[in-house]
Amino acid sequence: MKEINFVKSVADVNELPKMKLPEIVLAGRSNVGKSSFINHIFGRKKLAKISSTPGKTRTINYFNVDDKFFVVDLPGFGYAKVSKTEREQWRKLIENYFASDRDIITVYQLIDSRHDPSELDILLYEFLNEIDIPVTVILNKVDKLKQAQLGAVKNLLHSIFPNLIYGDNFLFHSTVKGTGKKRL
Ligand code: GDP
């Protein structure tokens, strides 16, 4: 991997890049650590910061990796202060994105290890399964938990999301400790 570059932020699926490349999609509730994840995996300090500037948090953010694939950062959900209208806009944008003709390889769904999966986490996972998109669940911020707590969360996720196989489509990640970087 040589280069990752920010391409554009998209608020409407009509604005998706004309260029077609395989897409690796990141999804999760706001504050789960998606921006930090991109910066960590690609070894760039401030690359994904652009996506957290005002107005950009409700857009789909495209990054181009070596002209080989896109990393697609979906807008975070579940932010308490968001109005019903904004939530509806988020839902439409996501649904339209998945209904559009993109070459989606997989979705990395980030889940915060400190909280039980939210209703929206579960709905998203079920939605992606229904439309047959392969999902990898990334349990994030694992540096925050002790070994025994991690084991409990792992069991909980296995019971909620029965298709998960740890080490395959279920991985741990921490920006702080570097967990999962090599594998991912
Ligand atoms: P986003 O809203 O999903 O893009 O989340 P950010 O990347 O902005 O991260 C939200 C907060 O979580 C920030 O304060 C980060 O420093 C923190 N954070 C992100 N990743 C980790 C991690 O692996 N471990 C810990 N302890 N904190 C993290």
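Throughout, numbering of the chain's residues begins at 1 and tracks the sequence. Counting convention: from 1, in listed order, for ligands and their atoms alike.
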Can you pull out every side-chain hydrogen bond (donor to acceptor under 3.5 Å, both in side chains) where at least one residue sits in residues 161-171? Sequence neighbours excluded, please.
Asn129-Asn163

Considering only heavy atoms, does Leu110 approach ligand 1 within less than 4.0 Å through its side chain, its backbone, both, or neither?
neither

Check whether the side chains of Glu86 and Ser83 place a donor and an acceptor atom closer than 3.5 Å, and report yes or no.
yes

Test of proximity, Thr175 against ligand 1: N or O pairs below 3.5 Å:
yes

Run the contact test for Ser174 against ligand 1 with a 4.0 Å cut-off on heavy atoms, strictly below, and give the result.
yes

Between Trp90 (side chain) and Arg58 (backbone), is there a donor-acceptor pair under 3.5 Å?
no

Out of all atoms in ligand 1, which are within 4.0 Å of some heavy atom of Val32? Include the element for each.
3 (O)

Under 3.5 Å, side-chain donor or acceptor atoms of residues 137-150 against the rest of the protein: list the pairs with distances, not counting sequence neighbours.
| unit_1 | atom_1 | unit_2 | atom_2 | d |
| --- | --- | --- | --- | --- |
| Asn140 | OD1 | His173 | ND1 | 2.8 |
| Asn140 | ND2 | Val32 | O | 2.7 |
| Lys141 | NZ | Asn31 | O | 2.8 |
| Asp143 | OD1 | Ser174 | OG | 2.8 |
| Gln149 | OE1 | Lys146 | N | 2.7 |

Without hydrogens or angle criteria, can the side chains of Asp121 and Ser118 be said to hold a donor-acceptor pair below 3.5 Å?
yes

Decide whether an N or O pair under 3.5 Å exists between Asn31 and ligand 1.
yes

Closest approach of Tyr97 and Val25, non-hydrogen atoms and distance?
OH-CG2, 3.3 Å

Any nitrogen or oxygen of Arg29 lying under 3.5 Å from a nitrogen or oxygen in ligand 1? Just yes or no.
no

Quick one: look at Lys177 and ligand 1, take heavy-atom pairs under 4.0 Å, and tell me if it's side chain, backbone, both or neither.
neither

Within 4.0 Å of some non-hydrogen atom of Asp143, the atoms of ligand 1 are 22 (C), 23 (O), 24 (N), 25 (C), 26 (N)

For Arg44 and Ile4, indicate whether the former's side chain and the latter's backbone hold a donor-acceptor pair under 3.5 Å.
yes

Looking at ligand 1, does any of its N/O atoms fall within less than 3.5 Å of an N/O of Ser30?
no

Could an N or O of ligand 1 be found under 3.5 Å from any N or O of Phe37, whether backbone or side chain?
no

